[in-house]
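Worksheet: the structure to be examined is printed underneath.
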Amino acid sequence: MSILEIKELGKTYGTGPRATHAVGRVTFDVEEREFVCVVGPSGCGKTTLLKGIGGLLEPTRGEVLVNGQRVTEPPPETALVFQEYGRSLMPWTSVRSNVLLPLRHKKLDRAERGRLVEEAVEAVGLTRFLDHYPWQLSGGMQQRVAIARALAYQPAILLMDEPFASVDAQTRGDLEDLILRVREEFGITILFVTHDIDESVYLADRVIVLTHSPTEVKEIVPVPLPQPRDQIATKASPEFVELRAHVQRLIRVERVPASV
Amino acid sequence: MTRRRTLAVGLEILVPVLLLFGWQLYTVHAHSFKFPRLSTILVDFKKEWLFAHVGSDLVPSLERIGAGFAIATLVGIALGVLLGMSTVLRRIATPHIEYWRAMPPPALLPISIILLHSIQNRQKVAFIAFFCVFPVLLNTIDAVRGIDPTLIDTARSYRVPWQQRVWRIVLPSALPQIVAGMRNSLALAVIMMVLSEYFSSSSGVGYQLLISKNTFQFGPMWAAIVLIGLLGYLLNALFLLIERRLLAWHRGWRAATPQ
(Lines give C-alpha, C1' and ligand atoms only; values in the text may rest on other atoms or scores of the structure.)
Protein backbone atom coordinates (compact mmCIF):
# COMPACT_ATOMS: atom_id res chain seq x y z
CA MET A 1 0.00 0.00 0.00
CA SER A 2 1.32 3.44 -0.91
CA ILE A 3 1.45 6.10 1.75
CA LEU A 4 -0.51 8.50 -0.46
CA GLU A 5 -3.03 7.48 -3.12
CA ILE A 6 -4.84 9.96 -5.31
CA LYS A 7 -7.73 8.30 -7.11
CA GLU A 8 -9.55 10.03 -9.96
CA LEU A 9 -9.47 13.29 -8.05
CA GLY A 10 -11.49 16.09 -9.63
CA LYS A 11 -12.64 19.56 -8.64
CA THR A 12 -15.27 21.60 -10.43
CA TYR A 13 -16.24 25.11 -9.36
CA GLY A 14 -19.84 26.06 -10.03
CA THR A 15 -22.41 24.08 -11.99
CA GLY A 16 -24.03 23.98 -15.41
CA PRO A 17 -22.58 25.65 -18.49
CA ARG A 18 -20.58 28.14 -16.39
CA ALA A 19 -18.79 25.47 -14.37
CA THR A 20 -15.00 25.62 -14.23
CA HIS A 21 -13.31 22.24 -14.34
CA ALA A 22 -10.14 23.08 -12.43
CA VAL A 23 -9.00 19.50 -11.91
CA GLY A 24 -10.35 16.83 -14.27
CA ARG A 25 -9.36 13.35 -13.19
CA VAL A 26 -6.01 12.89 -11.52
CA THR A 27 -4.67 9.53 -10.38
CA PHE A 28 -1.24 8.72 -8.98
CA ASP A 29 0.43 7.18 -5.93
CA VAL A 30 3.32 8.33 -3.79
CA GLU A 31 5.47 5.75 -2.02
CA GLU A 32 6.85 6.16 1.47
CA ARG A 33 9.99 8.33 1.58
CA GLU A 34 9.58 9.20 -2.07
CA PHE A 35 10.13 12.70 -3.46
CA VAL A 36 7.51 13.39 -6.10
CA CYS A 37 7.29 16.63 -8.06
CA VAL A 38 4.15 17.75 -9.85
CA VAL A 39 4.65 20.07 -12.82
CA GLY A 40 2.18 21.44 -15.28
CA PRO A 41 1.43 24.40 -17.50
CA SER A 42 0.45 27.68 -15.82
CA GLY A 43 -3.07 27.72 -14.45
CA CYS A 44 -3.53 23.96 -14.61
CA GLY A 45 -4.96 23.73 -11.11
CA LYS A 46 -1.82 22.60 -9.30
CA THR A 47 -2.71 24.50 -6.15
CA THR A 48 -6.29 23.22 -6.25
CA LEU A 49 -4.94 19.70 -6.55
CA LEU A 50 -2.62 20.13 -3.59
CA LYS A 51 -5.32 21.68 -1.41
CA GLY A 52 -7.53 18.72 -2.28
CA ILE A 53 -4.77 16.31 -1.25
CA GLY A 54 -4.16 18.28 1.96
CA GLY A 55 -7.83 18.10 2.94
CA LEU A 56 -8.37 21.87 2.69
CA LEU A 57 -10.68 21.57 -0.29
CA GLU A 58 -13.43 19.05 -0.80
CA PRO A 59 -13.05 17.35 -4.18
CA THR A 60 -16.09 16.99 -6.43
CA ARG A 61 -14.91 13.62 -7.65
CA GLY A 62 -12.60 10.83 -6.53
CA GLU A 63 -10.73 10.50 -3.28
CA VAL A 64 -7.40 10.84 -1.54
CA LEU A 65 -6.10 8.10 0.75
CA VAL A 66 -3.36 8.60 3.32
CA ASN A 67 -2.17 5.25 4.68
CA GLY A 68 -5.36 3.79 3.26
CA GLN A 69 -7.57 6.29 5.15
CA ARG A 70 -9.85 8.50 3.13
CA VAL A 71 -9.08 12.23 3.55
CA THR A 72 -12.11 14.33 4.56
CA GLU A 73 -10.29 16.99 6.57
CA PRO A 74 -6.58 17.88 6.90
CA PRO A 75 -5.02 14.59 8.00
CA PRO A 76 -2.58 14.54 10.93
CA GLU A 77 0.09 12.93 8.75
CA THR A 78 0.47 15.89 6.39
CA ALA A 79 1.95 19.37 6.68
CA LEU A 80 1.52 22.00 3.99
CA VAL A 81 4.06 24.68 3.04
CA PHE A 82 2.61 27.53 1.00
CA GLN A 83 4.25 29.69 -1.61
CA GLU A 84 3.42 32.91 0.21
CA TYR A 85 5.69 32.59 3.26
CA GLY A 86 5.00 36.22 4.14
CA ARG A 87 1.32 35.42 4.53
CA SER A 88 1.48 32.02 6.19
CA LEU A 89 3.74 33.20 9.05
CA MET A 90 2.33 35.20 11.96
CA PRO A 91 3.98 38.63 11.94
CA TRP A 92 3.04 39.42 15.57
CA THR A 93 5.15 36.74 17.14
CA SER A 94 8.64 35.27 17.11
CA VAL A 95 10.11 32.57 14.90
CA ARG A 96 10.02 30.25 17.93
CA SER A 97 6.34 30.86 18.53
CA ASN A 98 5.53 30.47 14.83
CA VAL A 99 7.22 27.07 14.76
CA LEU A 100 5.46 26.15 18.00
CA LEU A 101 1.99 26.82 16.56
CA PRO A 102 1.26 23.30 15.27
CA LEU A 103 2.64 21.70 18.46
CA ARG A 104 0.57 23.55 21.04
CA HIS A 105 -2.40 21.24 20.70
CA LYS A 106 -0.36 18.04 20.41
CA LYS A 107 -0.14 15.85 23.49
CA LEU A 108 3.47 16.62 24.33
CA ASP A 109 5.14 17.96 27.42
CA ARG A 110 6.78 21.35 27.45
CA ALA A 111 10.34 20.08 27.15
CA GLU A 112 9.41 17.85 24.23
CA ARG A 113 7.79 20.76 22.42
CA GLY A 114 10.82 22.94 22.98
CA ARG A 115 13.11 20.20 21.72
CA LEU A 116 11.08 19.69 18.53
CA VAL A 117 11.08 23.42 17.81
CA GLU A 118 14.79 23.74 18.34
CA GLU A 119 15.60 20.66 16.25
CA ALA A 120 13.45 21.86 13.38
CA VAL A 121 14.87 25.37 13.46
CA GLU A 122 18.38 23.97 13.61
CA ALA A 123 17.69 21.74 10.61
CA VAL A 124 16.98 24.86 8.55
CA GLY A 125 19.93 26.74 10.04
CA LEU A 126 18.03 29.52 11.82
CA THR A 127 18.89 28.83 15.46
CA ARG A 128 20.33 32.34 15.83
CA PHE A 129 17.01 33.83 14.78
CA LEU A 130 14.65 31.97 17.13
CA ASP A 131 13.60 35.16 18.88
CA HIS A 132 13.36 37.38 15.81
CA TYR A 133 10.10 38.36 14.19
CA PRO A 134 9.65 36.67 10.79
CA TRP A 135 9.57 40.00 8.98
CA GLN A 136 13.02 40.81 10.27
CA LEU A 137 14.33 37.98 8.08
CA SER A 138 14.88 37.78 4.32
CA GLY A 139 12.37 36.02 2.06
CA GLY A 140 14.40 32.84 1.82
CA MET A 141 14.83 32.73 5.59
CA GLN A 142 11.12 33.23 6.11
CA GLN A 143 10.40 30.26 3.88
CA ARG A 144 12.88 28.28 5.96
CA VAL A 145 10.85 29.20 9.05
CA ALA A 146 7.75 27.85 7.32
CA ILE A 147 9.65 24.64 6.52
CA ALA A 148 10.86 24.37 10.13
CA ARG A 149 7.27 24.73 11.32
CA ALA A 150 6.22 21.91 9.04
CA LEU A 151 9.11 19.70 10.25
CA ALA A 152 8.35 20.36 13.91
CA TYR A 153 4.86 19.00 13.29
CA GLN A 154 6.55 15.65 12.44
CA PRO A 155 4.49 14.88 9.36
CA ALA A 156 4.87 11.67 7.39
CA ILE A 157 4.11 13.63 4.22
CA LEU A 158 5.21 17.14 3.41
CA LEU A 159 3.06 18.91 0.81
CA MET A 160 4.74 21.90 -0.79
CA ASP A 161 2.97 24.38 -3.04
CA GLU A 162 5.54 26.19 -5.22
CA PRO A 163 7.48 26.98 -2.06
CA PHE A 164 10.48 28.55 -3.77
CA ALA A 165 8.68 30.52 -6.45
CA SER A 166 9.03 33.91 -4.75
CA VAL A 167 12.74 33.87 -3.89
CA ASP A 168 15.75 34.78 -6.01
CA ALA A 169 17.61 32.15 -8.03
CA GLN A 170 20.57 31.76 -5.70
CA THR A 171 18.42 31.39 -2.57
CA ARG A 172 16.27 28.98 -4.50
CA GLY A 173 19.22 26.67 -5.18
CA ASP A 174 20.12 26.76 -1.47
CA LEU A 175 16.55 25.95 -0.45
CA GLU A 176 16.39 23.07 -2.94
CA ASP A 177 19.48 21.53 -1.41
CA LEU A 178 18.11 22.20 2.06
CA ILE A 179 14.90 20.32 1.33
CA LEU A 180 16.84 17.36 -0.12
CA ARG A 181 18.98 17.21 3.02
CA VAL A 182 15.97 17.55 5.32
CA ARG A 183 14.22 14.75 3.49
CA GLU A 184 17.16 12.43 4.22
CA GLU A 185 17.49 13.60 7.80
CA PHE A 186 13.80 13.32 8.72
CA GLY A 187 12.93 10.44 6.40
CA ILE A 188 9.75 12.09 5.12
CA THR A 189 7.72 11.72 1.96
CA ILE A 190 7.51 14.89 -0.11
CA LEU A 191 4.95 15.95 -2.69
CA PHE A 192 6.26 19.11 -4.29
CA VAL A 193 4.26 21.25 -6.72
CA THR A 194 6.21 23.58 -8.99
CA HIS A 195 6.05 25.23 -12.39
CA ASP A 196 9.83 25.13 -12.71
CA ILE A 197 10.93 22.16 -14.84
CA ASP A 198 14.61 22.32 -13.76
CA GLU A 199 13.57 22.30 -10.16
CA SER A 200 11.24 19.33 -10.58
CA VAL A 201 13.85 17.16 -12.30
CA TYR A 202 16.59 18.22 -9.87
CA LEU A 203 14.58 17.35 -6.76
CA ALA A 204 12.37 14.42 -7.66
CA ASP A 205 12.48 10.66 -7.76
CA ARG A 206 9.52 10.91 -10.11
CA VAL A 207 8.03 13.87 -11.95
CA ILE A 208 4.30 13.90 -12.58
CA VAL A 209 3.49 16.00 -15.63
CA LEU A 210 -0.04 17.39 -15.76
CA THR A 211 -2.13 18.47 -18.72
CA HIS A 212 -3.79 21.87 -18.85
CA SER A 213 -7.21 22.34 -17.26
CA PRO A 214 -9.26 20.20 -16.74
CA THR A 215 -6.15 18.60 -15.35
CA GLU A 216 -5.16 15.00 -15.85
CA VAL A 217 -1.86 13.18 -15.51
CA LYS A 218 -0.07 13.35 -18.86
CA GLU A 219 2.95 11.28 -18.00
CA ILE A 220 4.87 10.06 -15.00
CA VAL A 221 8.60 10.50 -15.60
CA PRO A 222 11.02 8.50 -13.39
CA VAL A 223 14.20 10.40 -12.54
CA PRO A 224 17.00 7.86 -12.05
CA LEU A 225 19.65 10.50 -11.33
CA PRO A 226 22.11 9.49 -8.58
CA GLN A 227 21.82 10.84 -5.03
CA PRO A 228 23.04 13.07 -3.51
CA ARG A 229 22.31 15.65 -6.15
CA ASP A 230 24.51 18.63 -6.81
CA GLN A 231 23.47 21.97 -8.25
CA ILE A 232 26.33 22.06 -10.74
CA ALA A 233 27.28 18.41 -11.44
CA THR A 234 23.74 17.04 -11.58
CA LYS A 235 22.42 19.86 -13.71
CA ALA A 236 25.35 19.49 -16.14
CA SER A 237 24.91 15.73 -16.57
CA PRO A 238 23.56 14.51 -19.94
CA GLU A 239 20.85 12.50 -18.15
CA PHE A 240 19.56 15.62 -16.42
CA VAL A 241 19.57 17.61 -19.65
CA GLU A 242 17.75 14.82 -21.46
CA LEU A 243 15.08 14.47 -18.75
CA ARG A 244 14.55 18.20 -18.56
CA ALA A 245 14.08 18.41 -22.32
CA HIS A 246 11.62 15.54 -22.19
CA VAL A 247 9.49 17.19 -19.49
CA GLN A 248 9.70 20.50 -21.30
CA ARG A 249 8.40 18.94 -24.53
CA LEU A 250 5.51 17.37 -22.64
CA ILE A 251 4.51 20.70 -21.16
CA ARG A 252 4.97 22.72 -24.35
CA VAL A 253 2.46 20.55 -26.16
CA GLU A 254 0.07 21.31 -23.32
CA ARG A 255 0.23 25.07 -23.59
CA VAL A 256 -3.04 26.51 -24.82
CA PRO A 257 -2.18 28.18 -28.17
CA ALA A 258 -4.48 31.13 -27.53
CA SER A 259 -2.61 32.04 -24.36
CA VAL A 260 0.80 32.29 -26.03
CA MET B 1 15.81 66.53 10.83
CA THR B 2 16.35 67.12 14.56
CA ARG B 3 16.14 70.89 14.01
CA ARG B 4 12.83 70.49 12.24
CA ARG B 5 11.64 68.26 15.05
CA THR B 6 12.68 70.80 17.67
CA LEU B 7 10.82 73.45 15.71
CA ALA B 8 7.70 71.25 15.51
CA VAL B 9 7.71 70.54 19.24
CA GLY B 10 8.34 74.21 19.95
CA LEU B 11 5.35 75.22 17.85
CA GLU B 12 3.22 72.55 19.48
CA ILE B 13 3.81 74.29 22.80
CA LEU B 14 4.01 77.86 21.54
CA VAL B 15 0.71 77.95 19.64
CA PRO B 16 -1.51 77.00 22.61
CA VAL B 17 0.39 79.41 24.85
CA LEU B 18 -0.21 82.22 22.37
CA LEU B 19 -3.88 81.32 22.09
CA LEU B 20 -4.27 81.34 25.87
CA PHE B 21 -2.41 84.64 26.05
CA GLY B 22 -4.78 86.03 23.41
CA TRP B 23 -7.75 84.81 25.43
CA GLN B 24 -6.44 86.53 28.55
CA LEU B 25 -5.76 89.74 26.62
CA TYR B 26 -9.24 89.73 25.14
CA THR B 27 -11.07 88.87 28.36
CA VAL B 28 -9.23 91.49 30.40
CA HIS B 29 -10.64 94.17 28.13
CA ALA B 30 -13.99 92.59 27.31
CA HIS B 31 -15.34 92.61 30.88
CA SER B 32 -17.92 90.03 29.83
CA PHE B 33 -19.17 87.76 32.60
CA LYS B 34 -19.83 85.03 30.02
CA PHE B 35 -16.15 85.10 29.08
CA PRO B 36 -14.27 85.33 32.36
CA ARG B 37 -10.58 86.06 32.34
CA LEU B 38 -8.28 83.14 31.83
CA SER B 39 -6.77 83.94 35.22
CA THR B 40 -10.25 83.74 36.79
CA ILE B 41 -10.90 80.41 35.09
CA LEU B 42 -7.59 79.07 36.36
CA VAL B 43 -8.35 80.24 39.90
CA ASP B 44 -11.76 78.58 39.69
CA PHE B 45 -10.18 75.48 38.21
CA LYS B 46 -7.83 75.28 41.17
CA LYS B 47 -10.67 75.85 43.61
CA GLU B 48 -12.99 73.30 42.02
CA TRP B 49 -10.73 70.61 40.67
CA LEU B 50 -7.52 70.76 42.77
CA PHE B 51 -8.85 68.79 44.55
CA ALA B 52 -12.23 69.69 46.09
CA HIS B 53 -14.40 67.84 43.56
CA VAL B 54 -11.96 65.18 42.55
CA GLY B 55 -13.32 62.53 44.89
CA SER B 56 -16.97 63.56 44.61
CA ASP B 57 -17.16 64.16 40.84
CA LEU B 58 -14.02 63.42 38.82
CA VAL B 59 -13.54 59.92 40.21
CA PRO B 60 -17.16 58.87 39.56
CA SER B 61 -16.90 60.20 36.01
CA LEU B 62 -13.67 58.29 35.41
CA GLU B 63 -15.21 55.14 36.88
CA ARG B 64 -18.13 55.41 34.49
CA ILE B 65 -15.87 55.94 31.50
CA GLY B 66 -13.66 53.07 32.59
CA ALA B 67 -16.48 50.58 33.19
CA GLY B 68 -18.47 51.60 30.11
CA PHE B 69 -15.42 51.47 27.88
CA ALA B 70 -14.31 48.11 29.29
CA ILE B 71 -17.73 46.54 28.78
CA ALA B 72 -18.00 48.00 25.27
CA THR B 73 -14.55 46.65 24.37
CA LEU B 74 -15.22 43.13 25.64
CA VAL B 75 -18.69 42.88 24.11
CA GLY B 76 -17.52 44.50 20.87
CA ILE B 77 -14.59 42.13 20.42
CA ALA B 78 -16.50 38.97 21.41
CA LEU B 79 -19.48 39.79 19.22
CA GLY B 80 -17.25 41.07 16.44
CA VAL B 81 -15.22 37.86 16.26
CA LEU B 82 -18.42 35.82 16.17
CA LEU B 83 -20.03 37.95 13.45
CA GLY B 84 -16.78 38.24 11.53
CA MET B 85 -16.44 34.48 11.33
CA SER B 86 -20.06 33.58 10.57
CA THR B 87 -21.64 34.87 7.37
CA VAL B 88 -25.10 33.77 8.50
CA LEU B 89 -24.95 35.51 11.88
CA ARG B 90 -23.51 38.61 10.22
CA ARG B 91 -26.37 38.74 7.75
CA ILE B 92 -28.89 38.47 10.58
CA ALA B 93 -27.19 41.04 12.81
CA THR B 94 -26.22 43.74 10.32
CA PRO B 95 -29.59 45.55 10.03
CA HIS B 96 -29.87 45.68 13.83
CA ILE B 97 -26.37 47.06 14.18
CA GLU B 98 -26.99 49.68 11.51
CA TYR B 99 -30.30 50.70 13.12
CA TRP B 100 -28.95 51.26 16.62
CA ARG B 101 -25.71 52.75 15.38
CA ALA B 102 -27.68 55.45 13.57
CA MET B 103 -29.63 56.30 16.76
CA PRO B 104 -28.66 59.72 18.17
CA PRO B 105 -27.53 59.02 21.76
CA PRO B 106 -29.70 61.71 23.44
CA ALA B 107 -32.79 59.96 22.08
CA LEU B 108 -32.09 57.02 24.36
CA LEU B 109 -31.31 59.00 27.52
CA PRO B 110 -34.87 59.14 28.92
CA ILE B 111 -35.64 55.50 28.23
CA SER B 112 -32.33 54.40 29.72
CA ILE B 113 -33.27 56.03 33.02
CA ILE B 114 -36.73 54.46 33.02
CA LEU B 115 -35.58 51.01 32.00
CA LEU B 116 -32.72 50.89 34.48
CA HIS B 117 -34.50 52.67 37.35
CA SER B 118 -31.36 54.61 37.91
CA ILE B 119 -29.57 57.87 37.39
CA GLN B 120 -26.53 56.39 39.10
CA ASN B 121 -23.63 54.35 37.82
CA ARG B 122 -25.80 51.53 36.49
CA GLN B 123 -27.51 53.78 33.97
CA LYS B 124 -24.42 55.84 33.15
CA VAL B 125 -22.22 52.80 32.53
CA ALA B 126 -24.90 51.08 30.45
CA PHE B 127 -25.44 54.21 28.38
CA ILE B 128 -21.72 54.72 27.73
CA ALA B 129 -21.18 51.03 26.97
CA PHE B 130 -24.11 50.84 24.56
CA PHE B 131 -22.82 53.56 22.26
CA CYS B 132 -19.13 52.75 22.64
CA VAL B 133 -19.68 49.20 21.47
CA PHE B 134 -20.18 50.16 17.84
CA PRO B 135 -16.72 51.38 16.79
CA VAL B 136 -15.10 48.30 18.39
CA LEU B 137 -17.73 45.95 17.00
CA LEU B 138 -17.60 47.22 13.42
CA ASN B 139 -13.81 47.34 13.34
CA THR B 140 -13.56 43.83 14.77
CA ILE B 141 -16.01 42.40 12.23
CA ASP B 142 -14.12 44.07 9.41
CA ALA B 143 -10.73 42.93 10.68
CA VAL B 144 -11.81 39.33 11.22
CA ARG B 145 -13.30 39.18 7.74
CA GLY B 146 -10.06 40.54 6.32
CA ILE B 147 -7.74 37.94 7.82
CA ASP B 148 -5.43 36.43 5.23
CA PRO B 149 -6.95 33.13 4.01
CA THR B 150 -3.43 31.66 3.78
CA LEU B 151 -3.11 32.05 7.54
CA ILE B 152 -6.45 30.35 8.12
CA ASP B 153 -5.50 27.53 5.72
CA THR B 154 -2.21 27.14 7.60
CA ALA B 155 -4.04 26.76 10.90
CA ARG B 156 -6.54 24.33 9.37
CA SER B 157 -3.86 22.16 7.79
CA TYR B 158 -2.11 21.90 11.17
CA ARG B 159 -5.44 20.99 12.76
CA VAL B 160 -5.22 23.87 15.22
CA PRO B 161 -8.41 23.67 17.34
CA TRP B 162 -10.86 26.57 17.02
CA GLN B 163 -10.22 28.07 20.47
CA GLN B 164 -6.53 28.37 19.65
CA ARG B 165 -7.34 29.62 16.17
CA VAL B 166 -9.35 32.46 17.69
CA TRP B 167 -6.83 33.20 20.43
CA ARG B 168 -3.56 32.77 18.54
CA ILE B 169 -4.49 33.80 15.01
CA VAL B 170 -7.79 35.67 14.66
CA LEU B 171 -7.42 38.04 17.61
CA PRO B 172 -3.75 39.03 17.14
CA SER B 173 -4.30 39.43 13.43
CA ALA B 174 -7.32 41.68 14.00
CA LEU B 175 -5.75 43.58 16.89
CA PRO B 176 -4.44 46.66 15.01
CA GLN B 177 -7.91 47.39 13.64
CA ILE B 178 -9.61 46.54 16.94
CA VAL B 179 -7.34 48.99 18.75
CA ALA B 180 -8.20 51.70 16.20
CA GLY B 181 -11.86 51.09 17.00
CA MET B 182 -11.16 51.22 20.72
CA ARG B 183 -9.56 54.61 20.35
CA ASN B 184 -12.71 55.97 18.71
CA SER B 185 -14.77 54.37 21.48
CA LEU B 186 -12.70 56.00 24.17
CA ALA B 187 -13.33 59.46 22.71
CA LEU B 188 -17.01 58.56 22.46
CA ALA B 189 -17.01 57.42 26.11
CA VAL B 190 -16.02 60.91 27.28
CA ILE B 191 -18.86 62.43 25.25
CA MET B 192 -21.39 59.92 26.56
CA MET B 193 -20.19 60.49 30.13
CA VAL B 194 -20.73 64.26 29.92
CA LEU B 195 -24.04 63.85 28.11
CA SER B 196 -25.53 61.39 30.57
CA GLU B 197 -24.30 63.29 33.62
CA TYR B 198 -25.52 66.60 32.28
CA PHE B 199 -28.97 65.19 31.57
CA SER B 200 -29.60 63.69 34.99
CA SER B 201 -27.18 62.93 37.74
CA SER B 202 -26.13 63.69 41.27
CA SER B 203 -22.40 63.58 40.71
CA GLY B 204 -19.79 63.80 37.99
CA VAL B 205 -18.01 66.32 35.83
CA GLY B 206 -21.07 66.73 33.62
CA TYR B 207 -23.19 67.31 36.72
CA GLN B 208 -20.85 70.08 37.89
CA LEU B 209 -21.16 71.65 34.45
CA LEU B 210 -24.94 71.65 34.81
CA ILE B 211 -24.89 73.06 38.37
CA SER B 212 -22.60 75.92 37.45
CA LYS B 213 -24.75 76.74 34.42
CA ASN B 214 -27.94 76.72 36.48
CA THR B 215 -26.38 78.98 39.13
CA PHE B 216 -24.81 81.35 36.54
CA GLN B 217 -21.29 80.60 37.77
CA PHE B 218 -19.41 81.04 34.54
CA GLY B 219 -15.95 80.69 36.04
CA PRO B 220 -16.58 77.15 37.36
CA MET B 221 -18.44 76.31 34.16
CA TRP B 222 -15.40 77.22 32.08
CA ALA B 223 -13.23 75.34 34.55
CA ALA B 224 -15.34 72.24 33.95
CA ILE B 225 -15.01 72.70 30.18
CA VAL B 226 -11.24 72.94 30.56
CA LEU B 227 -11.25 69.78 32.67
CA ILE B 228 -13.34 67.82 30.16
CA GLY B 229 -11.04 68.86 27.35
CA LEU B 230 -7.98 67.84 29.32
CA LEU B 231 -9.61 64.55 30.21
CA GLY B 232 -10.23 63.63 26.57
CA TYR B 233 -6.75 64.73 25.57
CA LEU B 234 -4.97 62.81 28.32
CA LEU B 235 -7.02 59.63 27.91
CA ASN B 236 -6.17 59.63 24.22
CA ALA B 237 -2.48 60.23 24.95
CA LEU B 238 -2.45 57.39 27.48
CA PHE B 239 -4.15 55.11 24.99
CA LEU B 240 -1.61 55.94 22.27
CA LEU B 241 1.18 55.11 24.69
CA ILE B 242 -0.28 51.67 25.36
CA GLU B 243 -1.00 51.15 21.66
CA ARG B 244 2.61 51.85 20.73
CA ARG B 245 3.80 49.10 23.06
CA LEU B 246 1.07 46.64 22.14
CA LEU B 247 1.45 47.05 18.40
CA ALA B 248 5.20 47.50 18.09
CA TRP B 249 5.26 44.42 15.83
CA HIS B 250 2.70 45.99 13.55
CA ARG B 251 4.78 49.07 12.81
CA GLY B 252 7.88 46.94 12.20
CA TRP B 253 5.99 44.55 9.98
CA ARG B 254 4.39 47.31 7.93
CA ALA B 255 7.74 49.01 7.47
CA ALA B 256 9.33 45.71 6.38
CA THR B 257 6.55 44.55 4.03
CA PRO B 258 5.55 46.38 0.88
CA GLN B 259 1.77 46.57 1.32
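Proteins come first, then strands; the chains are lettered A, B, ... in the order of their sequence lines, and each starts at number 1.
The OH atom of B/Y158 sits 14.0 Å away from atom CZ of A/R104, with the distance rounded to the nearest 0.5 Å. Taken from CD in B/Q164 to CG in A/L101, the straight-line distance is 7.5 Å, to the nearest 0.5 Å. Atom CZ in B/R156 sits 8.5 Å away from atom NZ in A/K51 (nearest 0.5 Å).
A/Y153 places a side-chain heavy atom less than 4.5 Å from the side chain of B/R159. In this structure, the side chains of A/L56 and B/S157 come closer than 4.5 Å at one or more pairs of heavy atoms. Contact check for B/L151 versus A/L89: no side-chain heavy atoms found under the 4.5 Å cut-off.
A 6.0 Å sphere centred on CD of A/E122 holds no more than 12 heavy atoms belonging to other residues, nucleotides or ligands. Heavy-atom neighbours of B/R251 CZ from other residues, nucleotides or ligands within 6.0 Å: above the threshold of 12. Other residues, nucleotides and ligands place more than 12 heavy atoms under 6.0 Å from the CD atom of B/E98. Counted within 6.0 Å of CD on B/Q163, heavy atoms from surrounding residues, nucleotides or ligands total more than 12; the atom is thus considered enclosed. Enclosure of atom OH in A/Y13 by more than 12 non-hydrogen atoms of other residues, nucleotides or ligands within 6.0 angstrom is indicated. Shown here is B/R244, whose CZ atom has no more than 12 heavy atoms of other residues, nucleotides or ligands within 6.0 Å.
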Quick one, B/T154 with A/L80, criterion side-chain contact (heavy atoms from CB on, under 4.5 Å). Give me CA distance, side-chain angles, the key distance, then yes/no. CA-CA 7 Å; B/T154 302; A/L80 217 163; over 6 Å; no
In sequence, state the C-alpha distance, the side-chain angles, and the governing distance for A/E84 and B/D148, and then conclude on side-chain contact (heavy atoms from CB on, under 4.5 Å). CA-CA 11 Å; A/E84 309 98 330; B/D148 200 311; over 6 Å; no
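Heavy atoms closer than 4.5 Å to chain A are found in both the backbone and the side chain of B/D153. Only the backbone of A/T78 comes within less than 4.5 Å of a heavy atom of chain B; no side-chain atom from C-beta onward does. The contact between B/I169 and chain A is made by backbone and side chain atoms together, counting heavy-atom distances below 4.5 Å. A/Q136 does not touch chain B: none of its heavy atoms, backbone or side chain, sits under 4.5 Å away.
Considering A/Y133, A/W92, A/W135 in turn, A/W92 is the only one that fulfils the ring-ring contact (aromatic ring centres under 6.0 Å, His included) rule with B/W249.
Between chain B and the residues A/M90, A/R149, A/K106, the most heavy-atom pairs under 4.5 angstrom are made by A/R149. Chain B forms more heavy-atom pairs under 4.5 Å with one residue of A/P76, A/G86, A/G54 than with any other, namely A/P76.
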